[in-house]
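Below is one structure, written out as structure tokens; comments come after it.
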Amino acid sequence: MEKITVKFPDGSSSTFSKNTTLFQIVKSIDDDSGKDYIAGKVNEKLVDMSFPLLEDANLEFITPDSEMGLDIIRHSASHVMAQAVKKLYKGVKITIGPTIDNGFYYDFDYEENFSPQDIAGIESKMQEIIDQNIPITRRELPREEAIEIFKNQVETYKVELLEEISDEFVSVYIQDDFMDLCRGPHLPSTGKIKAFRLTSLAGAYWRGDEKNKMLQRIYGTAFSDTKTLEDYLQRLEDAKRRDHRKLGKSLDLFSIHEDAGAGLVIYHPKGAMLRSILEDFEKKEHLKRGYQLVRGPHLLKLDLWEKSGHFENYRENMYFTEIEGQKYGIKPMNCLAHMLVYKSRIRSYRELPQRYFELGTVHRHEKSGVLHGLLRVREFTQDDAHILCTPDQLEQEIKGVIDFIEDVMKIFKFEYEMELSTRPEKSIGDDSVWEKATSILRQVMDKNRIPYIIKEGEGAFYGPKIDVKLKDALDRKWQCATIQCDFVLPERFDLTFINSNGTKERPVMLHRVILGAMERFIGVLIEHYGGAFPTWLAPVQAIVLTVTDRNMGFAEEVYNQLIGSLLRIEKDFRNEKLGLKIREAQLQKIPYMLIIGDREVNDGVISARVRSGEKLKSMKINEFISLVQEESQNRG
RNA sequence: GCCCAUGUAGCUCAGUUGGCAGAGCACGUCCUUGGUAAGGACGAGGUCAGCAGUUCGAUCCUGCUCAUGGGCUCCA
């Protein structure tokens, strides 16, 4: 019989007869690791355990607890879920069921809507299928034959998918009477699923297109064992405690009122303070980098929005009003006024680039279903700037903005991902101009070796963009910083500058934000710090606590001296026990608690307790003031 | 906007298969003056999201509206 040589990751190798499967190899080799193998990687290609080796190969086995192993488990779990749903609900059609970060889902088309009660039933049916330990087998067959089979099963979505595949042969996976179109690999049998949970129910459009039918999506997750599943669910619970909506309430930062309107944020004193700190920070950082402050109105005449293309391309997101027969649009962006600043007189190339900065409040009509705490609102303030520069300056200006973003993200210790978005369907301007703008963005990213992913067709209507995405407590991504390269609006508004030859030339405009929107950034920031802001950001930096009523006089002096030094201080002189006051200050996540008892009054000092629980040695008030000021300066 | 769920005191949540609405925390008064995460007693607090309908009677059943949560689509 023909022999083949198999090499293992540890460098060893063995010979087997041709057609030996991975199963047989595992059995034959003396493996005392006690590990369960669920799939393999043959020459870097993932395969099932039943895969027969036909030639010499490098072979690696996949364990259930590895990243790839988990992916396979989850994929098989989604098949088991689909099988369970088909068994329970006659006439249900299956569509697609991929794995996602931390889990999987499957989309179903069924006349009646699933309810949360159905989920329990589906879970127990899945458990039955798992307990039966049904073998999962792969079959390759001609595409036409697969189409026939799925047609007979009235799985019209599968037929639709198959009709778009150009391959002559396709693979399907079969467990019992259930068959699904799938590349694989899969677990050898359903019993290998040791821990799973269905997590939620949602609607989802077929192929993600809102023109298509809405399907029913069931989300789930699976792990290699019960312990890791429970750890994961626990981590989710913990993350929910960092939710900015929860902390916004308990730390008394902001509220959103049904009476006032959805998506409209009302800042309470501490939230307003936090925002003000960020705004001061922003102004300084922009002035340091050669930006100038400008300011535009909230209403601009409709004609101007028509000229810019906003009316045509952005109308459904805008609010309109009418004053004395004149139509106005409420600004959803700040660029128009900034262009009018530029256009207010003739510009020379000598004064470019012009960098106009504004904490610009905008209103956008976001669809009701997308509103989300501070992260998606209808009125928000952007740290917006428009840079008007010569085409020659464009690259260095883009680089300048990227550096700015990196500097700021480092200060907050944010990790982020970058994306480059290209021309969308609904847009203005010539292809050549879009091509130019897109390639320069790409060029700057590549030149500076900044990793990014490309999002086709997701640019702004006037130009391509680079976005920075930050994650919330539940790892959902939110766009914050963005840089948008625009050759189109300068053209539409006939912006010019006089070049060194004395002739008129067209400037380029960069639209950019660094934090993005104050609301969204604050939302992400709250979750990032879990509400325990560093001293420089904390709306309340310290709280003065008395031990008994006797100490109030000196405590009041301390308090006054501290607020006099512009520290952000609260006081709690209530007739309560110290332990209670400390507990409440701790729950409010205040960085320092200053305790004033008889000892402190006698010595004219304060005793500070840090949020961490650490007790500092007693110090004079001035020492404490310097300590906080220094810490704030270092952004600690 | 679409799918599913939810909406009870300031907050977190019980509850009534249709018959006067409950707890803890917070709040107020009093007692207590206590040294690093919850001292005690008493008290006040509700159009059970809103509007309509069914019913002798609706917080509960039905419909619509608004809002919130998880997704989809869309965006900072």
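The sequence lines fix the lettering, A, B, ..., with proteins before strands; numbering per chain opens at 1.
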Check your understanding: Does any nucleotide pair with rU16(B) by Watson-Crick or G-U wobble geometry, both distances under 3.5 Å, and what is it?
Key -> none
Check your understanding: Can the ring centres of F254(A) and H268(A) be said to be less than 6.0 Å apart?
Key -> no
Point to revise | Lys/Arg cation over aromatic F311(A): R315(A), 6.0 Å, 45° cone | key: yes
Review point. Can you check the E111(A) CD to rC3(B) P distance for me, whole Å?
Key: 16 Å
Review point. Hey, what's the ring geometry for H372(A) with H244(A), parallel, tilted or perpendicular (30° and 60° as the breaks)?
Key: tilted
Under 3.5 Å, which donor-acceptor pairs do the side chains of residues 454-462 of chain A form with other protein atoms, sequence neighbours left out?
from: E456(A); atom 1: OE1; to: T422(A); atom 2: OG1; distance (Å): 3.0
from: Y462(A); atom 1: OH; to: Q484(A); atom 2: OE1; distance (Å): 2.5

Review point. rU36(B), rG34(B), rG35(B): which one has an atom nearest the side-chain heavy atoms of R550(A)?
Key: rG34(B)
Check your understanding: Given that both distances must come in under 3.5 Å, which nucleotide forms a Watson-Crick or G-U wobble pair with rA37(B)?
Key -> none
Check your understanding: When you check every protein heavy atom under 4.0 Å of nucleotides 68-76 of chain B, what one-letter string (B, S, -) results, 5' to 3'?
Key -> SSBBBBBBB
Check your understanding: Base, sugar-phosphate, or nothing: which does G597(A) touch, judged by heavy atoms less than 4.0 Å apart?
Key -> base
Review point. Rounded to the nearest Å, what distance is computed from the NZ atom of residue K581(A) to the P atom of nucleotide rG34(B)?
Key: 12 Å
Review point. Looking at N113(A), does any N or O in its side chain come under 4.0 Å of the phosphate oxygens OP1/OP2 on rC3(B)?
Key: no
Review point. Now, which nucleotide makes the Watson-Crick or G-U wobble pair with rA52(B), with each of the two distances under 3.5 Å?
Key: rU62(B)
Practice item. Determine which nucleotide pairs with rU47(B), using a 3.5 Å limit on both distances of a Watson-Crick or G-U wobble pair. Key: none
Check your understanding: When we call it a touch if two heavy atoms are under 4.0 Å apart, what does I595(A) touch: a base, just sugar-phosphate, or nothing?
Key -> base
Revision key, fill the gap. N551(A) atom CG is separated from rU36(B) atom C1', nearest whole Å, by 14 Å
Review point. Given atom NE2 of H268(A) and atom C1' of rG10(B), what is their separation to the nearest angstrom?
Key: 12 Å
Review point. What is the per-nucleotide protein-contact pattern of nucleotides 46-52 of chain B, from the 5' end, where B denotes a base atom under 4.0 Å from a protein heavy atom, S denotes such proximity for sugar-phosphate atoms only, and - denotes neither?
Key: -------
Exercise for review: Pick the P atom in rU6(B) and in rC64(B), then give their distance to the nearest Å.
Suggested key: 15 Å
**Study point:** Complement of rU68(B), any strand, by Watson-Crick or G-U distances under 3.5 angstrom
**Key:** rA5(B)
Practice item. Please state whether the phosphate of rA37(B), meaning OP1 or OP2, lies under 4.0 angstrom from any side-chain nitrogen or oxygen of R611(A). Key: no
Exercise for review: Report the base-pairing partner of rA26(B) (Watson-Crick or G-U wobble, both distances below 3.5 angstrom), or none.
Suggested key: none
Point to revise | Protein-nucleotide distance (Q588(A), atom CD; rA37(B), atom P), rounded to Å | key: 17 Å
Review point. Got a sec, which pairs hit ring-ring contact (aromatic ring centres under 6.0 Å, His included) with one end in residues 513-533 of chain A, sequence neighbours left out?
Key: F412(A)-F521(A), F414(A)-F521(A), F414(A)-H528(A)
Exercise for review: Please check the phosphate of rU12(B) (OP1 and OP2 only) for any side-chain N or O of K249(A) closer than 4.0 Å.
Suggested key: yes
**Study point:** By ring pair (Phe, Tyr, Trp, His ring centres under 6.0 Å) - contacts of F624(A) (at least two apart)
**Key:** Y592(A)
Check your understanding: Heavy atoms under 4.0 Å, any strand shown: does Q586(A) hit a base, just sugar-phosphate, or nothing?
Key -> base
Check your understanding: What interatomic distance, in whole Å, is found between P of rA5(B) and the corresponding atom of rA58(B)?
Key -> 26 Å
Point to revise | Side chain of D549(A) - closest among rU36(B), rA26(B), rG34(B) | key: rG34(B)
Practice item. Taking atom P in both rG46(B) and rG22(B), compute the distance separating them and give it to the nearest angstrom. Key: 14 Å
Check your understanding: Counting heavy atoms not belonging to M418(A), are there more than 12 under 6.0 Å from its CE?
Key -> yes
Point to revise | All pairs passing salt bridge (Lys or Arg N to Asp or Glu O under 4.0 Å) where residues 240-250 of chain A contributes a residue, at least two apart | key: E237(A)-K240(A), D238(A)-R241(A), D243(A)-R245(A)
Check your understanding: R583(A) CZ to rA38(B) P: how many Å, rounded?
Key -> 7 Å
Point to revise | For atom CG of L587(A) and atom P of rA26(B), their distance in whole Å | key: 11 Å
Exercise for review: Go through the side-chain N and O atoms of N334(A) and H386(A) and say whether any donor and acceptor fall under 3.5 Å apart.
Suggested key: no
Check your understanding: Do R217(A) and Y219(A) have side-chain N/O donor and acceptor atoms under 3.5 Å apart?
Key -> yes
Review point. Do Q541(A) and T535(A) have side-chain N/O donor and acceptor atoms under 3.5 Å apart?
Key: no
